[in-house]
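Down below is the structure, laid out as structure tokens.
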Protein chains: 2
Amino acid sequence: MNKDTTVGLGLHDVARMLRREFDRRARAQGLTRARWQVLWNLSLREGIHQAALAEIMDVAPISLTRQLERLEEEGLVERRVDQTDRRRLRLYLTDQAAPALESLRELAMGVRHQALAGIEADDIDILVRVLGRMRANLCQRTEKEE
Amino acid sequence: MNKDTTVGLGLHDVARMLRREFDRRARAQGLTRARWQVLWNLSLREGIHQAALAEIMDVAPISLTRQLERLEEEGLVERRVDQTDRRRLRLYLTDQAAPALESLRELAMGVRHQALAGIEADDIDILVRVLGRMRANLCQRTEKEE
DNA sequence: AACTTATAATAAGCAAGCTTATTACATGAA
DNA sequence: TTCATGTAATAAGCTTGCTTATTATAAGTT
């Protein structure tokens with residue numbers, strides 16, 4: 001109806017539904033989507049420290065801290081003090097993380113399959129491209145106007 | 001990199017960024033995106049009761065209840081007991097709601113403009129269409145498998 | 001060396017969503 | 001009419017994210 005509001009609200013709703021569906025399926029595994037996402041990003045850059053990972057994920061550092069605390073409790077992540085700068089904690093996955101990552105990746109593919117049913121491959125490519133551009137447009141880190 | 005995960009996580013991230021940007025700009029108005037969204041949906045169907053609106057928005061009834069409590073406190077929404085079924089509360093906007101809706105709609109257009117900068121109109125149409133389809137794919141109300 | 005300034009991580013407290021459980025009212029069957 | 005069942009709204013408590021404020025460590029200046 002009012003097209004001006006369709007994009008933002010639509011994205012918001014679909015993202016919430018995806019999260020809900022994922023978490024519903026993943027409940028048996030004991031991991032939520034948010035924690036899985038941290039594991040996933042971390043798996044690409046082991047040894048990174050928290051602030052840097054938070055910046056890459058464009059999440060507030062404190063948000064990441066809490067996820068990492070739980071992941072550490074659950075034995076999936078290890079945090080070691082950086083000896084060259086003792087403020088920093090370097091992050092590593094444990095052996096337990098690999099199977100968890102794999103099973104959640106499969107689960108995510110299942111949700112993805114449900115969500116994208118009946119949508120043209122070309123349109124999915126466009127979706128991914130547009131999301132990337134939107135992310136860049138919004139990522140301008142708080143755009144400190146001095 | 002791994003394309004299987006790009007859609008879900010991308011959507012999630014972009015939705016979060018949109019919300020953050022919107023709420024950042026709207027802070028002066030004292031309204032958040034979630035409350036504005038309730039007002040917006042309500043404006044299209046005044047007199048509806050809570051459970052029906054929750055279903056349309058695909059949100060848990062309790063989530064809506066809390067938003068409506070605050071909106072009522074703030075004087076933007078009125079809840080009147082339905083006389084034919086006294087369990088129900090019918091919802092109405094107050095006079096204060098109209099200007100709030102309008103100013104937030106403008107604000108939303110500003111965020112939208114930032115987010116969509118440099119993206120082809122055709123691609124935006126595709127985005128909206130794909131989101132609609134995804135929503136339908138995911139909306140299958142909890143899919144009670146009996 | 002002492003002092004300021006910057007940065008990594010965390011603490012406190014708020015917002016929004018969810019699941020599960022309660023309470024009040026409706027409705028259909030005995 | 002009474003009793004069981006169903007439904008609208010809410011309560012309690014969890015998760016995830018945010019902003020703002022603290023604390024510990026680094027690093028640069030005088």
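Letters go in sequence order (proteins before strands), and every chain restarts at 1.
Rounded to whole Å, the distance from CG on A:Leu53 to C1' on C:dT7 is 17 Å. Rounded to whole Å, the distance from NE2 on A:His12 to C1' on C:dG17 is 9 Å. Going from atom CD1 of A:Ile48 over to atom P of C:dA8 covers 12 Å, rounded to whole Å. One can place CG of A:Leu91 at 13 Å from P of C:dA8, the figure rounded to the nearest angstrom. Whole-Å rounding puts the A:Glu21 CD to C:dT19 P distance at 11 Å.
Members clustered with A:Ile62: none, using a 4.5 Å side-chain heavy-atom cutoff among hydrophobic residues. Other members of the cluster containing A:Leu89 are A:Val81, with ILVMFWY side chains joined at under 4.5 Å, either directly or via other members. Through ILVMFWY side-chain contacts below 4.5 Å, A:Tyr92 is grouped with nothing and stands alone.
Here B:Ala60 lies in heavy-atom contact (under 4.0 Å) with a base. A:Arg35 comes within contact range of the sugar-phosphate backbone alone, with a heavy-atom separation under 4.0 Å but no base atom that close. A:Arg79 comes within 4.0 angstrom of sugar-phosphate atoms only, judged by non-hydrogen atoms across all strands, and of no base.
At a threshold of 4.0 Å, the pair B:Asp82-B:Arg87 does not count as salt-bridged, since none of the basic side-chain nitrogens sits closer than that to a carboxylate oxygen. A salt bridge does not link B:Arg90 to B:Glu78: none of the charged nitrogens lies less than 4.0 Å from a carboxylate oxygen.
Summary of the strand contacts: B:Arg16 and A:Arg86 both lie near DNA chain D, and taking for each the nucleotide with the nearest heavy atom, the more 5' one is attributed to B:Arg16. Across the interface with DNA chain D, nearest-nucleotide mapping of B:Arg19 and B:Arg88 shows B:Arg88 to be the residue nearer the 5′ end. Across the interface with DNA chain C, nearest-nucleotide mapping of A:Arg20 and A:Leu89 shows A:Leu89 to be the residue nearer the 5′ end. Nearest-nucleotide mapping onto DNA chain C: of B:Ala34 and A:Ala52, the residue sitting toward the 5' end is A:Ala52.
Taking every side-chain heavy atom of A:Arg87 into account, C:dT7 is the closest of C:dA26, C:dT7, C:dT19.
Residues forming a side chain to side chain contact (heavy atoms under 4.5 Å, CB included) with B:Gln96 (at least two apart in sequence, or on another chain): B:Leu76, B:Thr94. Every side chain to side chain contact (heavy atoms under 4.5 Å, CB included) that B:Arg20 has, sequence neighbours left out, goes to A:Asp58, B:Arg16, B:Met17, B:Arg24. Residues passing the side chain to side chain contact (heavy atoms under 4.5 Å, CB included) test with A:Arg33, sequence neighbours excluded: A:Leu18, A:Arg19, A:Phe22, A:Asp23, B:Leu9, B:His12.
A 4.0 Å heavy-atom criterion places the boundary nucleotides of DNA chain D facing chain A at D:dT15 to D:dA26, written 5' to 3'.
DNA chain C is contacted by A:Ile62, A:Thr65, A:Arg66, A:Glu69 of residues 62-72 of chain A, taking any non-hydrogen atom closer than 4.0 Å.
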Acceptor/donor pairs from residues 45-54 of chain A side chains to any protein atom, 3.5 angstrom cut, sequence neighbours excluded:
| from | atom 1 | to | atom 2 | distance (Å) |
| --- | --- | --- | --- | --- |
| A:Arg45 | NH1 | A:Asn41 | O | 2.9 |
| A:Arg45 | NH1 | A:Asn41 | OD1 | 3.4 |
| A:Glu46 | OE1 | A:Leu93 | N | 2.7 |
| A:Gln50 | OE1 | A:Arg79 | NH1 | 3.0 |
| A:Gln50 | NE2 | A:Thr65 | OG1 | 3.4 |

